[in-house]
Structures are given as structure tokens and as C-alpha cells.
S.K.: 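Right, I'll just put the structure down here and ask away after.
These numbers come from the heavy atoms of this one structure, side chains and all, not from hydrogens, waters or symmetry mates. Each chain gets a letter, A, B and so on, in the order its sequence line appears, and its residues count up from 1.
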Amino acid sequence: MSTLNQCARAQGIVGCQHCHTVTKLPKDIAENQCVRCPVCHAKLESRIAHSWGKTLALVLAATFMFIPANILPIMNVTYLGTGTPDTIIAGVMKLLKAEMWPLALIVFVASFVVPIMKIVVLFGLLITVKMKSQWRPVGRTRLFQITEFVGRWSMVDIFVLAILVALVQFGNLASVDAGLGALSFAAVVVLTMFAAHTFDQRLIWDAMND
Amino acid sequence: MREERDKQKAHLRVCGECDLLQKTPELQAGQLIRCVRCQSIIEKKRYHSLDRSLALVLTGLILFFLSNMFPLLTLKAQGVEFDTNLIASSIELLRIDRPFLAILVFVTTIVVPMFSLFGMLFVFMSVKMRWHNEYVGPIFRYLHNTQVWGMLEVFLLAIMVAGVKLADLAEVIPGISLYSFFALILVLATLGSTLSPDEIWDHEREAQL
Ligand SMILES: [Zn+2]
Ligand SMILES: [Zn+2]
């Protein structure tokens with residue numbers, strides 16, 4: 001019999017992360033054998049395999065890439081033969097100078113605050129999970145859900161670059177080229193999105209189950 | 001006896017966020033239920049109309065193709081004009097030898113949005129026409145999985161930022177596709193707020209189990 005309001009894994013029960021179908025895992029399940037959800041055929045895992053290590057590796061890589069993403073120019077605007085390289089922060093400054101401060105604020109948050117927040121939150125979650133911390137699990141769960149949701153907005157700078165590259169093709173008069181900073185920045189966005197994807201938030205609650 | 005057990009099973013839920021096993025009451029449209037431990041939403045039923053969702057998906061598909069057929073923005077300087085649309089923005093990145101960026105932009109603005117529109121069309125049609133097939137579950141699951149990688153609304157913000165940046169360099173003219181693109185974002189947002197995934201899953205559970 002199953003006990004309500006207890007951890008499902010301890011009872012050999014797993015809830016599908018996609019269609020929420022509840023399945024009882026067979027007792028004599030071999031190692032490396034994969035059980036699939038009867039409704040949506042997703043792989044059923046009580047916890048994502050090696051979630052902690054994979055997330056750590058991705059977050060470390062993202063942190064490392066964040067440095068060149070902010071130092072190297074994200075785009076190179078050539079205007080009348082003279083090129084002016086633009087970093088992420090320089091791009092925000094230009095929007096401020098044009099007195100478009102709402103847009104400047106959005107871009108600043110999306111391409112600077114959000115990536116830093118994502119990296120800090122994921123590191124925080126990894127550390128508290130490792131320490132089996134019982135500190136505010138509801139708050140940490142909420143923080144993770146927000147992190148998972150807002151990360152995509154960081155792509156705005158990459159899209160701006162794509163649009164400018166396509167539009168500004170006036171040869172020597174004016175042209176736009178992508179800098180190495182853009183590659184690093186895109187890598188940060190992709191790595192943190194994958195990190196949020198491999199982090200299993202159910203780990204936060206494992207310390208509460210004992 | 002078996003029926004009784006199935007009924008109980010149907011109301012058993014495991015919170016996806018904290019893995020707590022719990023019993024939930026049968027939900028009516030417009031209701032949602034939160035986990036007793038972590039307060040995350042574990043089930044939500046909306047006033048979902050399959051016909052309306054289908055109409056929105058079809059509108060979305062038309063708008064998506066319109067957004068790719070005409071220019072989104074045109075830049076005019078010294079009598080020379082350049083324009084861009086959704087698909088050109090990723091292809092142009094290949095011209096400056098940035099394949100990684102080109103693929104990233106192509107996947108997030110073309111592949112994933114197109115997959116989600118066609119995928120939803122297939123799922124809704126299957127449910128409506130009662131085409132029982134084993135693909136509905138996996139496809140609906142992939143739709144949910146790839147959702148965060150569809151970034152059309154982020155692209156709309158980028159169009160605005162690019163427009164402002166270019167305004168002092170040359171004349172920026174909004175293209176026909178900009179209007180269809182804007183409408184597309186509205187349609188997708190409406191779709192996202194009327195869609196009731198738990199209802200589709202309930203339907204699938206009935207069909208499969
Ligand atoms: Zn499933
Ligand atoms: Zn919960």
C-alpha cells in the first residue's frame with residue numbers, strides 16, 4: 001500500500017514529469033534498464049541520473065564563458081570605414097544615451113542581470129543540495145522555477161545582432177560583424193539553459209524526506 | 001473492484017517539483033490544485049475549447065508563413081535599401097561565418113516555433129477527430145519539452161531594440177511582416193493561456209490505459 005504525503009521514490013512510485021501519470025516501478029528492475037511512461041513513453045526516473053554533477057559541469061562552463069562574453073565585443077559596427085566594437089554593457093550605454101531608458105533597462109536585465117542571477121542561483125542550489133540543507137525549501141523551489149523561466153530572455157542581444165547583420169550591409173559605408181563576445185555570450189545562454197534542464201529540483205526536497 | 005482501483009489511481013498525483021505523493025480531488029474547469037508541501041501547481045484545468053485552440057493554431061501557422069514572406073524591417077540609407085525577415089536573420093549570420101549563432105537563431109525562431117505549431121495541430125486534430133494513435137503522447141511531450149527554446153517573443157523585443165539602434169544611422173521602415181509577426185505573438189500568447197495540457201493528458205490516459 002502506498003502512504004500519502006510521503007516521498008514517492010521511497011515507495012517505489014514515480015510520477016511522470018510530463019503527463020503526471022503515476023506509475024509503480026517493478027521491484028526487480030535491473031540496472032540500466034529503462035522504464036517508460038505508459039502514456040507519453042517518457043523515460044521514468046525518480047531523480048534525473050547524475051543531475052548534480054552534470055549541472056555543476058554546465059554551470060562551471062557557463063561561469064567560465066561569462067568572462068569573455070563581457071570583455072570581448074559582441075558586435076563590430078563599421079561606419080564610414082571606422083569600426084567601433086561594442087560590448088554588452090557598451091550597447092546598454094548607447095541605448096541610455098539615446099534616452100531610451102526603458103529599453104536600456106530591459107536589455108541590461110536580460111543580458112547582464114539574468115545570466116548572473118542564473119549562475120548564482122544554480123550554484124546556491126547545488127551547494128545547499130550537497131549540504132542537505134533544510135533552509136526554506138519552498139523559497140528555493142520558487143527561485144529555481146523563476147530561473148528556468150526567465151533565462152530565454154537573455155537571447156535578446158544575439159537576436160539584435162542577427163537583425164543588424166542582416167540589415168546593415170552598405171559595404172564600406174556601414175556594416176556589422178559579430179564579435180567573439182557574441183559566441184561566448186550565446187554559449188552562456190545555452191549552457192545555463194541546459195543546466196536548468198538537468199538540475200532536478202526534487203533534490204531540494206530529499207533533505208526534508210528523512 | 002478493478003474499476004475502483006483505476007478510479008483511485010487516477011486521483012493519485014506525484015508533485016513534479018518535490019516528489020510528494022498525494023491524493024487530489026477531481027477538478028472542474030477554471031480550477032487548479034497546489035502541492036500540499038511546496039505549493040507548486042500540480043494540476044490545472046482551464047475552460048479549454050478544442051475548436052478555439054485549433055482556430056488559433058491555424059491562424060498562427062498562416063501568420064508564421066506571412067512573417068517569413070515579407071520584410072520585417074527595411075533600412076534605407078543614401079537610396080540603398082536592405083530588408084530582413086525572420087528566416088533571413090539566421091541565414092545572414094552564415095554570410096559572416098558564424099554557423100553556431102546561425103543555427104542557434106534558426107532553431108529558436110524557425111524550427112521550434114514551427115514544430116510547436118504543427119505539433120499542436122496534430123495533437124488537437126487527433127483528439128478532436130478521435131484518431132487513436134501512439135504518437136500523440138510523445139509529440140505532446142516534446143512540445144512541452146522544447147517550449148523554452150521557442151523564442152519568438154524575445155525576437156520581437158530584439159526588433160524593437162534594433163529599430164532604436166538604427167534610427168540615428170539611417171531610415172528604418174517597418175515592413176508588412178512586422179504586423180503579422182506582432183499578431184503571431186498575440187495569437188501564441190492567447191494559445192498559451194487557453195490551452196489546458198492536463199485535459200489533453202487525461203484524454204490520453206483514458207485512451208492508453
Ligand atoms: Zn508520461
Ligand atoms: Zn510539491
S.K.: Side chain, backbone, both or neither: which part of A:Leu164 has a heavy atom under 4.5 Å from chain B?
M.R.: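 Contact with chain B is through the side chain of A:Leu164 alone.
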S.K.: So, A:Gln134 side chain and A:Ala207 main chain: donor-acceptor pair closer than 3.5 Å or not?
M.R.: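 Indeed, once roles are kept as given, a pair shorter than 3.5 Å links the two residues.
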S.K.: Donor-acceptor pair, distance only, cut-off 3.5 Å: does the side chain of A:Arg202 make one with the backbone of A:Ser46?
M.R.: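 Yes, the answer is positive, given that a donor and an acceptor are paired below the 3.5 Å cut-off.
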S.K.: Please check if any side-chain donor atom of A:Ser111 sits under 3.5 Å from a side-chain acceptor atom of A:Asp157, or the reverse.
M.R.: yes
S.K.: Take atom CZ in B:Phe182; do more than 12 heavy atoms of anything else shown fall under 6.0 Å from it?
M.R.: no
S.K.: With a 4.5 angstrom heavy-atom cut-off, which part of A:Gln6 approaches chain B: side chain, backbone, both or neither?
M.R.: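 Only the backbone of A:Gln6 comes within 4.5 Å of chain B.
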S.K.: So what's closer than 4.5 Å to chain B heavy atoms on A:Phe149: side chain, backbone, both or neither?
M.R.: neither
S.K.: Answer with side chain, backbone, both or neither: which region of A:Leu173 has an atom nearer than 4.5 Å to a non-hydrogen atom of chain B?
M.R.: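 For A:Leu173, the side chain is the part near chain B, not the backbone.
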S.K.: Just give me the residue among A:Arg9, A:Met193, A:Gln17, A:Gln169 that pairs up with chain B most often, heavy atom to heavy atom, under 4.5 Å.
M.R.: A:Gln169
S.K.: Chain A: which of B:Leu93, B:Val148, B:Val80 shares the most heavy-atom pairs with it under 4.5 Å?
M.R.: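 Sorted descending by pairs with chain A, the first entry is B:Val148.
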S.K.: Do A:Glu148 and A:Gln201 have a side chain donor and acceptor closer than 3.5 Å?
M.R.: no
S.K.: Pick whichever of A:Ile13, A:Leu183, A:Ile204 has the most heavy-atom pairs under 4.5 Å with chain B.
M.R.: A:Leu183
S.K.: May I ask you to test the A:Ile116-A:Phe112 pair for a side-chain heavy-atom distance under 4.5 Å?
M.R.: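 Touching, per the 4.5 Å side-chain cut-off.
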S.K.: Donor-acceptor pair, B:Gln147 side chain versus B:Leu143 backbone, under 3.5 Å?
M.R.: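 Answer holds: no.
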S.K.: Check whether any side-chain N or O of A:Arg140 sits under 3.5 Å from a backbone N or O of A:Trp135 as a donor-acceptor pair, and report yes or no.
M.R.: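 Judged by distance alone, yes, a pair lies under 3.5 Å.
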S.K.: Tell me, for A:Val107 versus chain B, whether the close heavy atoms (under 4.5 Å) come from the side chain, the backbone, both or neither.
M.R.: side chain
S.K.: In terms of heavy-atom proximity below 4.5 Å to chain B, should A:Pro38 be classed as side chain, backbone, both, or neither?
M.R.: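 Contact with chain B is through both the backbone and side chain of A:Pro38.
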S.K.: Using the ring pair (Phe, Tyr, Trp, His ring centres under 6.0 Å) rule, take B:Trp149 and B:Tyr142 through it: C-alpha gap first, then chi angles, then the decisive distance, then the call.
M.R.: CA-CA 11 Å; B:Trp149 293 95; B:Tyr142 285 131; over 10 Å; no
S.K.: Is any side-chain heavy atom of B:Gln22 closer than 4.5 Å to one of B:Arg37?
M.R.: no
S.K.: Does any heavy atom of chain A fall under 4.5 Å from the side chain of B:Ile159, the backbone, both, or neither of them?
M.R.: both
S.K.: Out of B:Ala167, B:Cys15, B:Gly137, B:Gly16, return the one with the most heavy atom pairs under 4.5 angstrom to chain A.
M.R.: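 Highest number of heavy-atom pairs under 4.5 Å: B:Gly16.
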S.K.: Does any backbone or side-chain atom of B:Leu166 lie under 4.5 Å from a heavy atom of chain A? Answer side chain, backbone, both or neither.
M.R.: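 For B:Leu166, side-chain heavy atoms alone lie under 4.5 Å from chain A.
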S.K.: Under 4.5 Å, counting heavy-atom pairs only, tell me which of A:Cys40, A:Ser154, A:Ala162, A:Gly15 racks up the most with chain B.
M.R.: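 Maximum pair count with chain B is reached by A:Cys40.
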S.K.: Which region of A:Met100, side chain (C-beta onward) or backbone (N, CA, C, O), has a non-hydrogen atom less than 4.5 Å from a non-hydrogen atom of chain B, or is it both or neither?
M.R.: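 Contact with chain B involves the side chain of A:Met100 alone.
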S.K.: Take atom NE2 of A:His41 as the centre, draw a 6.0 Å sphere, and report whether it contains more than 12 heavy atoms from other residues, nucleotides or ligands.
M.R.: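 Correct, the count exceeds 12.
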S.K.: So does A:Ile48 get a backbone contact from the side chain of A:Asp200, meaning a donor-acceptor N/O pair under 3.5 Å?
M.R.: yes
S.K.: Do side-chain atoms of A:Ser133 reach the backbone of A:Val129 as a donor and acceptor pair under 3.5 angstrom?
M.R.: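 Absent.
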S.K.: Any idea which of A:Leu103, A:Val138, A:Val189 has the most non-hydrogen atom pairs under 4.5 angstrom with chain B?
M.R.: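 Heavy-atom pair counts peak at A:Leu103.
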S.K.: Checking heavy atoms, do the side chain of A:Thr141, its backbone, both or neither come under 4.5 Å from chain B?
M.R.: side chain
S.K.: Is there a side-chain contact between B:Leu75 and A:Val168 in this structure, where contact means two heavy atoms from C-beta onward sitting under 4.5 Å apart?
M.R.: yes
S.K.: Can you say whether B:Asp198 sits under 4.5 Å from chain A via the side chain, the backbone, both, or neither, judging by heavy atoms?
M.R.: side chain
S.K.: Which residue out of A:Gly151, A:Ala178, A:Ala187 racks up the most heavy-atom pairs below 4.5 Å with chain B?
M.R.: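 Among A:Gly151, A:Ala178, A:Ala187, the one with the most close pairs to chain B is A:Ala178.
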S.K.: Considering only heavy atoms, which portion of B:Glu43 lies under 4.5 Å from any heavy atom of chain A: side chain, backbone, both, or neither?
M.R.: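 It is neither, since no heavy atom gets under 4.5 Å.
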S.K.: Which bit of A:Leu80 is near chain B, if near means a heavy-atom gap under 4.5 Å: side chain, backbone, both or neither?
M.R.: neither
S.K.: Flag the one option from A:Val39, A:Leu167, A:Leu4 with the top tally of heavy-atom pairs under 4.5 Å to chain B.
M.R.: A:Leu167
S.K.: With a 4.5 angstrom heavy-atom cut-off, is it the side chain or the backbone of A:Ala182 that approaches chain B, or both, or neither?
M.R.: both
S.K.: Is it the backbone or the side chain of B:Ser40 that comes under 4.5 Å from a heavy atom of chain A, or both, or neither?
M.R.: both
S.K.: So which part of B:Val105 gets closer than 4.5 Å to some heavy atom of chain A, the side chain, the backbone, both or neither?
M.R.: both
